Structure formats: C-alpha cells, structure tokens
Amino acid sequence: MSLIHLSRLLFAAMAIAWVAAATPPAFAGPYEDAVAQFAEGSFADSEEAVGKLVASGNPRAADIITALQDGRLYKDEDTKLVFIQAADGKISNAATGEAVAALPDNASKVRLNNKLRRTVEAAMAGLTLLSPDLDKRVQAAQQVFKSHDETMLPTVEAALKAEKNAAAKQAFAEARAAILLFKSDAADPAKLDAIAVMKARGDQDALALLTAMPTEQSAAVTNAVAGAKASIERSLAIWSLVQNGWYGLSLGSVLLLAAIGLAITFGVMGVINMAHGEMVMLGAYTTFVVQEAIRTHYPALFDYSLLIAVPLAFLVAGAIGVLIERSVIRFLYGRPLETLLATWGISLLLQQAVRTIFGANNREVGNPSWMSGAFDIGQITITYNRLWILCFTLAVFALLLAMLRYTSLGLEMRAVTQNRRMAASMGIATSRVDALTFGLGSGIAGIAGVALSQIDNVSPNLGQSYIIDSFMVVVFGGVGNLWGTLVGAFSLGIANKFLEPFAGAVLGKIAILVLIILFIQKRPRGLFALKGRAVEA
Amino acid sequence: MSMLETRSTSAMLYLDGVHVSFDGFHAINNLSLTLEPGEMRAIIGPNGAGKTTMMDIITGKTKPDKGEVVFDGTVDLTKLDETEIAKLGIGRKFQKPTVFESQTIEDNLLLALNVDHSVRGTLFWRRSNDESERIERVLDIIRLRDARDRLAGSLSHGQKQWLEIGMLLAQDPKVLLVDEPVAGMTDVETQQTAELLREINSHDKTVMVVEHDMTFVRELGVKVTCLHEGTVLAEGTIDDVSANERVVEVYLGR
Amino acid sequence: MTPHILTRSLDRGAALFLVVLAALGVLLPLLNLLTPESSALHVPTYLISLFGKYVCYAILALSIDLIWGYCGILSLGHGAFFALGGYAMGMYLMRQIGSRGVYGNPVLPDFMVFLNWKELPWYWYGFDMFWFAAVMVLLVPGLLAFCFGWLAFRSRVTGVYLSIITQAMTYALLLAFFRNDFGFGGNNGLTDFKDILGFNIQSDGTRAALFLLSCLALAIGFLICRAVVTSKLGKVLIAIRDAESRTRFLGYRVESYKLFVFTLSACMAGVAGALYVPQVGIINPSEFAPANSIEAVIWVAVGGRGTLVGAALGAIVVNYAKTVFTSGPLAPYWLFMLGALFVAVTLLLPKGIVGTVNAWLDSHKPPPTDAADSAAREDGVIQPKPAE
C-alpha cells in the first residue's frame, strides 16, 4: 500500500513540476523508454512504465494509459514496439502516434491485474487533475469531490497549490474539503475549515456529504456540521423558491405567448376564436416545413431556421386568419355564441387538414445550437430554450404594444374597438381594420407556434392543449387589456408552479382552473376590467 | 361624510351627495335631488349630463361611489340590487325601448304584472281573472288591443315605446322612471303620451321623466331639473329654467 | 282559460314526436326479439344498442336545448354532467361484477386490486345498491350544476364567459378522472360490466329493455321540457334570453331562474349518461373531453334550437351520419364534415332544420284566425333571436 502511495506522490510531484514549469515535453529518452517497458510483459514492468509515463509529462501519456485501461494496448515483445488500437479499430504506434497498417502477427495485449488496475486509475486521476485542459481538471476535481477518496488527497493538494485558475482552484479546494471531512485522522481545525468550505458551496451535494459524515466527531465539529447543514438547508429553500419562480416565469411566458394573439382577437375585437390554438399549430408546422427545407437544401442555415420561420409563420397564420375573418367571422359579428361554434368548426377543419397533409404523428422540430444546452445560476439550472422563449415573448409583447400605440393601423384598431360608428364616419374602413386586426392576432399566434415548437410536440393536436389555458389567461387578466394579459399569464404561470410541489402537476392545474372559476365569480371582467356604460353593450 | 346618519325623509326619492366615476371620469358629481310622493319631475340636460346614469343608480344597475340614495324615506337603495329595487315598486322605461321582441304583446304585459315572480310561482302559474282584467285595461290604455297577439319585435318604434309604458303600468310601481318616452313619436303621439303620464301621475304615482323634447316637457307642465356634468345646474318651472343663463350657456355652448 | 299543464305541453308537433318515439321504442325491440335472424324484418341487437345510444344523445341534446334555446345559456360542459351520470351508473355496474372480475375480489373492482388498494374508497359505498346509484345519477350532476351555477349566475357571468368556464369545468374533470388515484379507473375508466339488476347486460332482452327505457326517458324528458317552456316560467326564460337586464328590472330574480333550469338540465344529462353506459358497455374520462360537449351543442344547432324536437332529431341525424361516415371508406373525412357542419349551420341555417321548417310553414299558412293563432302562441316554439 505504502509503495503505491509513494509512487503516486512521485507521479504527482513530477507532473506538477511539469505543469508548473509549463515546458513543452520534448525529451525523447525517458518517455520512449517508458513506452518500450510495456513490451517487457511483466506486471511489475507495466506498473513501472505507467509511473515513468506520468512522470514524463508527455501529452500522449493519457492516451496510452487509457488504452491500457480499456485493453486496447498491444505489445510486440520482439521489436519492443507498443501499439494502440483506437476504438474504431485503427492502429497506431504508441510512442510516436504514427498510424500503422496492422498489428504485427505476434502482438499481444498488455495485460492488467487488480494491483496494476488501481495504479492505472490513480495515475489517470492524477493525470486529469493535472491535465492542461481546464475543463478536464475541474471535472476530475468534481469526481474527487463525489468520491472523497482519501488516497487522492496528496494529488489534490499538490494540484491546488499549482492551480492558477480561480474556478479550478475552487473545485480543488472543495475536493480537498470533501476528502478531509471523511478522513478519520484529520485534525479538527482542518475539518472545521472543510465544513466552512461545504457551507460556502451550499448545494445539495454538500448537504449530502455533511449528512453522510461519520458521526463520531468532537463536539466542535458536530456543532459546526449542524450549523452548516442548517445554513445550507435555508439557502437551498431560498433557491428552490427562486427555481419555482423561474419555472413559473417560464410557464408564464409560454402562456403569454399562446394568449397574446387571443388578447387581440378576443380581448380587443371581442371575437371569440376557438381556432386560435390551430393558428399556433400552423406556426409550429411552418417551423417544421422550414427546417425540412433547410435540412435538405441548405444544412448550414439550420441555426437560422427559427429566424426564417418567424416571419413565415406570421404570414401563414395571419393570411389564414384574414381568410377566416373574411369568409366566416364577419357574418357573425354581434353573435358571439355563433362565432364560437363556427370557429370551433374551423379548428376541426384545420386540424384534420394538417393531419391529412403531415400525418397524425408528432413531427420532429429541432433546436438550433443556440437554443440547446443550459447554464447554472447559483443552485438553479436555466435552459437556453426557456430563456430565449421568455425573451422572445417579452419582445413580441413590447412590439405589439408599440404597434398598437404608434402605428396608424394600431390607432385605427383602437378607434374601431372604442366606437365603430364614429370610426366609420371618420373614414376608417372598419371592415378592412377588422380583417387586419384578426390577421394580426392570428399571425401572432403563428409566431407563438414557432417558439412553442421548441418545447412541445408538434402534432395536429398542439393547439388544443393551449386553447383553454389561453382563454383563462385573457379572461383572468381582463378582456381588452394587454397588460392584464401579461400579468394574468405570469401570475397563472407562477401560481401553477408554486402549487405543483404540493399538489402535483395535474392537481395543481385543476386547482388553478377551479381558482380561476372562483375568481371570475368575484370579478367577472378580470383583474384589470374596464368599467363604465360602454362595457355593458 | 362623518356627518352622515340614517335620516328619514318624507321624500319618495332622496338623492344626496351622490358620486360615480368610471375610470376617472366623473359621471355623477355631488348630485342631490328630491322627489316628493305623487310628484312628477322632468329632467333635462345635454348629452352626457348623467341623466341615464342617475336612473342606473336609482334602479341599482350602478353602485354610487359615495352618497345617499333613499326610497320612501327609509330604504337605502345603494344596498339593493335591480330585482329587489323593482320589487319595492320602482319601475323603469329605458331610453332605447326594450321589450321582449320574440314574445307577443300580451305576454310582454303578462311578464310585467307584479304578481308572484318566484321560480315556483311561474312554473305552476295559471292566469287568474284579475290578471286578465288588468292586462285588458292596459291594452286599452296603450291602444294595442288589436295587436295583442303580434310579436313585440314587429311593432313600430312608437308602439314599442307605448308597450314599454304599458309594461310599466302592468308593473304598477310607486315610482316610474321614464327615459325619453317620446323619442320617435309623432306630434299627436307625443301629446297623447304627455296626457298618459299626467293621468298616471294623477293616480298618486311619483314620476321622473327624462326628455330632450322641450315641447313635451312644456306639455307636462311640471317642475324641471336641469343636469349638467353630473350635477344639478338649475331647478324650477320650465320658464325659469330655460331663462337661466347657465342653462342657456350649457345648451348653446360657451 | 289556460289549458292544463299537460294538454298545454302537447301541440301537434310534440304529439307526433311522441307517437313516433313510442312506435320505435316498442317496434324495434319486438322486431329484434320476435323475428328470426333470417327474417328480412329482423333488427340485429347491435343496431338496438346503436339506436339506444342515439336516443341517449337525444336526451343530452334536449337538456342543452332547454338552457341554450330557451334561456341563452350556452354550456360547453354538458358532457361533464352526462359523464358524471354515466360514472354513477358505471360504479353500480362495477360493483355488480362482484367476484367475477379477473382478480376475483368480491368487493374491490379489478382496477383497485391492480393498484394494490386494500379497501373500497368511501365514495364507492352504496353503489352496490341500484336505488342508491339511481339517486346519484340525478344528484351528482344536479349538485355540481347547482354549485357551479350558483357561483356563476350570482356574479352574472354570462355569454361567452360562461361558455368558457363551463368548458374549463369539464376540462378540469377530464384531468381529474384521468388520474388513477382519483379512484374511478383512470385512463381505462369502468368497463367489463356483467349484469344490471340481475339481468345479463349482453343479452338481447336486456338490450331491448334498455332501448325501450331510453325511449321512455326521452319521452319523459321531452314532456318535462315542454311543461317548463310552455309555462309562464318558459316565458320568463325567453325574456332572460332576449333581454336579461330588462327582466331584472321587472323584478325577476334572473339567477334563480337560470339556476333552476341549469340544474334541471344537468339532471337530464346525467340520466342520459346513465342510460348510455350500460348500452355501450364502458365509461371513461374521454367523455369529459371539451370536444364532446361542443359536438353535442352542434346537434342542437343542426336540429334547431329552441324547438326541443329539433334538438332530439339533430342528435340522431348527426350521430347517424357520424356512424355512416366513420365506419366506411370516408372515415378520414368525418372531421372535415363535422367542422364544415359547424360553419355551415351557423352561417346558413341559424334556425336549424326544425326551426327553418317551422318558419316556412308559418309563412305559408293562411292568415291566422283567433283560435289558430292562440294555439301557435301556446306551442312554445318560439324562434330565438340570432343574437344573444
């Protein structure tokens, strides 16, 4: 045991010397000798070779040791040459890295036994802890943090001393602290320091380590552990609130996106459009078609597929919206219940049309690279697609507000909503405005479909799942008020996510529906209701 | 505010310091008005003066932000809803004639009769002789006896106005609020309406008439209140009010 | 003189409807039971069940017409009351299975054994007794409608707002009934029924009897609706439909009227569901789907709302069309048909079939004499205004 220990120390120290000096490894002698020693055949030789290899600091050392570990390292005892067989079967000379056509006939595997395997593992950990690649070093440190393997302590300490990068230094310090927590012969002050490090880290893993610590400790250590655990639990509780808040914002942005077009058609025009969800669906299918076209013709443009799909989805859904308004809805103004039924019929037609063209199954819509992946803030993970959707939603909302306020169409729309007869007598073509307003609402639903295709299944039923939620948002926020829709969407989203941990996803949703039904009793016209005689009409 | 106490007045309708605003717009502003039992009052005022909103407040459709609205000296109307107020005996004719268009004239009157209005009462209702007689009487008064089986929706504008007045009669309230009763009527009809209202008033009914038509108001020959921007601008005989400088200013523009 | 409540409910159209219904209700089961299978007159059992299903749908349509056609309440959640009635009946049928289930547990239905439940949840108590289930068929939908309506009508939620929250109501129930731990069989619902009141549920005789019962229920439901709409209460309902606020100013408590008719309608829907379940042999959460409720509304629109007879006919016609379409090569086009039906009826035939025929008859009959006109007035067939 102690021998292994010593040898590890040795590798570490030597490797550190190399890392610290950062000199390029160009010495031919020791490295070649080390590689050639694998060809000797005995376990002892191999073990010695591993040691020398690490000490050599040659960048190819890791490849060779990995190959040994995986049983892909071959030796030719006659020529003293050593070969690596890559995972894909290609052969190369281990020492030089030159490709070799085939293994010599008498080549055989360099064998491993348990003792050698342990040496190899330690060497690997040492190698990666000291890897020139920052990510690899941090990853190795995290590995040690989880395993808190006592034997790694010297390497970790050495690496910590040599480390320049702050993040990696932090990772090494935490790894060291994790080891010390479990090291029975560590002194109390060292343990107290380690506990402080854990407390500072403050996440679920730190809490788990503190909980798993051996119980026989001095009073000071026990107290410190209890204190640190309480502190971590507190901070975790706060982070979980933050996390729920983020999920809520994310859900709220989805709800807002789905409801925002409805806020125009239902909220501003008073037209109840049950085919609204199908406009969202059309937007999602537009995205699918755009991506298909890009995949087959211009694969390089894939990352821009959503940017291309957004205006197209707006046009497709908007045009269909205008068509619906001109062909059906305009004959039903003032008859909201009939409008409801007719648009429901339209939603069935659109669903079935899409089902006929694209099939009933989910279609694959991919995430562009800038929308995949995630990053951490404190204890929570934020995925890029959710973040982008939130930003996108707010941008669409702001754009819509600006449009209503500053463009002539917006002005005409508001005029027609407030007093149709007066607007008409002032020369506004009210029926044109109706069609355009409906088209705008539908187009925005189409844009929503582009974003929702990133997080939901693109199927003919996509719209169905949003229609009730969208209406709830608009009704809850107050009809005819875009800000109400914004507040409504985010409060429903956040309320939903805060209910979920207690009630579960489905019951949470049911609870929200029941709460909205009760809320509508109290305030039949929503959170931000318009008052006055004009509303009664 | 602090001086308010439950007071009992002899008035049939008593409005004091009533305020209503819609989204910052003051529709009714410190409005005070009293109608004595058996009085008929004409309310005039330009568009947006708050005439209809005042009726909304009295009938419970709109709740005042503050102020007192007392019926028959004791009943606080701000605490009641439309149904309760109607049951107390306050009837209303709307500015735009509102009759049940898909039902016959007779059924319109039948619905208006102040008999048992409970669900059970109407479900097991059978017409009594008394009810039939009352309906016949009203049909005579509003001169729609021959049209009794026609759908109300097929009536002319003026006839609808009369039907609605007939519904008020069938309702037999203590107070009648009549909003623009002669809009769309011929001169003869207007005169007949004035006579009818005077006739109703002579049977000890309190009547409040909102009207633009000055000939008609003159015809009524009663005390006139002029509203402007939700408050009382002038009160008195028609001659006094029409001579009032501020009234002239409001009507003719500044 | 006002005619008695029963005679008043019956005009010629209504009488004709009842006679046809009675004839079918008796004739079809007889043709099924008494003629040999080889006979040209034989009506196969599957058709009896299919027609039985249509009749249940007709009852549901009737209940929707009562509130929509006469009171202007467009419920997009009536499928929920239908399904609740169905579940109440389904629970009785489940308990009748007894130890004949796959797991042979004498008390627990199979799905509970499968979920490792040890005892019957309290809300399943009593459903082994038919009378109790029968009471629940009326009580559960009625109570839900009463509570829901009390909240909604009191705060004057009307028009599309009401439609949307009724849809949310049935959607919430859909989600709830999909859950296994809700105790109603989750996704699969209740099925594999064996017998009802001791009769084998699969036998021809039971099927025929259920069909007859459904026709009877439709007739009774129809008579109740007629009695309601031809009473003075019916006039109040129409007044509410056409000018709700005006009705209030006449001193009617509008919310009480709506609540009464909404609850009555929900109970009818519950009965329809209860008769439906033994004839189709299954009840599952999909009956709560919002789409089902809206589809039921279109039956009424097709037949003609505010006519009662039209609602029943509409349900039968549309569902017959659905059966024909979905069982043939045209199956993929059924949803196109249904969607087009929604659009076409609202745009081109707002009065529905019966309403349009009535209007045509009215315009082609001689100028009304006093008697004929008063008959027309009493028949309660009053065309709704297009706007609400």
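Order of the sequence lines fixes the chain letters, A, B, ..., with proteins taken first and strands second; residue numbering starts at 1 for each chain. Worth saying up front: this structure is predicted, and the values here are computed from it rather than measured.
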Look up atom NZ in B/Lys61 and atom CZ in C/Arg248, then write down how far apart they are to the nearest 0.5 Å. 10.5 Å
Shorter than 4.5 Å, heavy atoms on both sides: which option in B/Gly153, B/Pro173, B/Ser118 has the most such pairs with chain C? B/Ser118
Looking only at the side chains, is there a donor atom on one of B/Thr122 and C/Tyr257 sitting less than 3.5 Å from an acceptor on the other? yes
Crowding at CZ, B/Arg120 (>12 non-hydrogen neighbours, <6.0 Å): no
Do NZ/NE/NH1/NH2 and the carboxylate oxygens of C/Arg156 and B/Glu82 come within less than 4.0 Å? yes
Could you tell me whether the side chain of B/Gln171 and the main chain of C/Phe249 form a donor-acceptor pair under 3.5 Å? yes
Worked verdict on B/Glu106 versus C/Lys235 for salt bridge (Lys or Arg N to Asp or Glu O under 4.0 Å): CA-CA 11 Å; B/Glu106 189 172 345; C/Lys235 298 183 202 299; over 6 Å; no
Below 4.5 Å from any heavy atom of chain C, which atoms of B/Asp81 appear? Answer side chain, backbone, both or neither. side chain
As a test of understanding, state which of B/Val119, B/Leu110, B/Leu111, B/Leu123 forms a side-chain contact (heavy atoms from CB on, under 4.5 Å) with C/Val236. B/Leu111
Is any side-chain heavy atom of B/Met167 closer than 4.5 Å to one of C/Leu250? yes
Quick one: NE2 on B/His117 to NZ on C/Lys232, what's the gap to the nearest 0.5 Å? 5.0 Å
Does any N or O in the side chain of B/Thr83 come within less than 3.5 Å of the main-chain N or O of C/Tyr252, such that one atom is a donor and the other an acceptor? yes
